[in-house]
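Residue numbers start from 1 in every chain, and the chains themselves are labelled A, B, ... in the order their sequence lines are given, proteins ahead of strands.
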Number of protein chains: 2
Amino acid sequence: MNLNKEKANPSQKILLTAFECLSTRGYANVSMRDIAGASGVALSQLTYYFKNKEGLFTEVINMMIHQYLLEIEDNLQAAADAKEKIESLIRFFKELIRNRPKLLRLFIDFTAQALWVPSFREQVDSLFNKLTKIIEKNILADMELGKKLRNCSAKSVAKLILGALYGTSIQIMLGSDQDSVFESLNLAESILN
Amino acid sequence: MNLNKEKANPSQKILLTAFECLSTRGYANVSMRDIAGASGVALSQLTYYFKNKEGLFTEVINMMIHQYLLEIEDNLQAAADAKEKIESLIRFFKELIRNRPKLLRLFIDFTAQALWVPSFREQVDSLFNKLTKIIEKNILADMELGKKLRNCSAKSVAKLILGALYGTSIQIMLGSDQDSVFESLNLAESILN
DNA sequence: ATGTTGGTCGGACGTACGTCTTAATTTTAT
DNA sequence: ATAAAATTAAGACGTACGTCCGACCAACAT
């Protein structure tokens, strides 16, 4: 976070601190008091701005989704052809794992919470759909894989790609031997070409 | 669970009830008292047998891993050739999603907890490794995909397959439109052949 | 019969939680 | 300058939590 936490308005400050806490220790292990304390704000401020813990987490996730979805789409549209786009997508995931593991952890945690909290679930579903559409539009539109498998809908292909990237990333985050899974991502890239 | 909960010894009874509660409402949303009440046992019995909530969840997961790892391996070894084995593996995941979603939910939840609880993390890592080995040994040993990609280690291929199946399953569990993701699993099958 | 052991039970302990209320303070609009 | 609104602060409320303790009770060995 290179945003200046001090100068931001309080709700931004809370959001950024909340991201830090949640992505470091997990939704279940962070209390509203922790976040209030860490952002130097009264507990009731959190309620005032975000109603409750669920609302706060929702906004943290929204902030992240907004930021990184744009980033992905920019990267993809900057790439010239399908091959470069795939490379860019895989690079994004690698970079996520290596340099922004907190973000990935936050998202994995969020995904699991979504199993039990309806509003989270809608959010996750919407994100998955957006990602699928991005992959579909940018990568599958004009490549031979699309033709090769045109008996399947492009949506299914995109979902499989997304699933593979996500599932592989989870293994990396949780596994002890990270190298072989990074290899898996490279492999995914070469399969797609 | 077709095991007879009534006749089982108390620790088994607790385990089965715990599975039911945890897989229905999630680790964070189930209390020790809930489980004790549902299994008709005093709260302190849970502590007596499993020390604490973490220990109880660990044993629930162990029970499931033991049961379904055997099942997967049996299925795979019963299949004649690589093609059948792949079919069997995909069928297992489909069946998991369709008929035993509780188990899958439990596992996804567990995976997320593993981000923050070291003992869970070891358990997940070990499970992922076992699954990878199973895929590696049964599917990749003698098929042309193995040769086609022999510049990558078999382990990486197996991890990619596992990641794809797991990531796709998560999308199904959380998504509204399940059909297109089932299609993705079919697609995974045809890619592997 | 008696003592011992492993299992069972209800309940209490201290803590932490999310939420809510109420009041003080600052900002904004008139 | 004053009224209204928005923001901040502090604290209490009730609840739920995981853990722990001491009393029972059954079975069994002595």
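Of all the heavy atoms in B:Leu127 and B:Leu69, the pair that sits closest is CD1-CD1, 3.7 Å. Residue A:Ile172 comes nearest to A:Leu185 through the heavy atom pair CD1-CD1, 4.3 Å, listed as atom of the first residue, atom of the second, then distance. Summarising the geometry of B:Ala36 relative to B:Leu43, their closest heavy-atom pair is CB-CA, 3.7 Å, with the distance given to 0.1 Å. Across all their heavy atoms, B:Val30 and B:Lys53 have their closest contact at O-NZ, 2.8 Å. Among all heavy-atom pairs drawn from A:Ser23 and A:Arg105, the shortest one is O-NE, 3.6 Å.
Here the CG atom belonging to A:Leu15 is positioned 6.5 Å from the CD atom belonging to A:Glu59, to the nearest 0.5 angstrom.
Phosphate contact (OP1/OP2 of C:dT19, side-chain N/O of A:Asn52, threshold under 4.0 Å): present.
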| request: Heavy atoms under 4.0 Å is the rule here; annotate nucleotides 4-10 of chain C 5' to 3' with B where the base is hit, S where only the sugar-phosphate is, and - elsewhere. | output: --SBBBB
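Interface limits on DNA chain D: the 5'-most and 3'-most nucleotides within less than 4.0 Å of chain B heavy atoms are D:dC17 to D:dC21.
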Output side-chain donor-acceptor pairs under 3.5 Å for residues 112-121 of chain B, partner residues at least two apart or in another chain, one line each.
from     : atom 1 : to       : atom 2 : distance (Å)
B:Gln113 : NE2    : B:Asp109 : OD1    : 3.4
B:Ser119 : OG     : B:Glu54  : OE2    : 2.8
B:Arg121 : NH2    : A:Met173 : O      : 3.0

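Between B:Tyr27 and B:Phe57, the ring planes lie parallel to each other; the angle is under 30°, not in the 30° to 60° tilted range.
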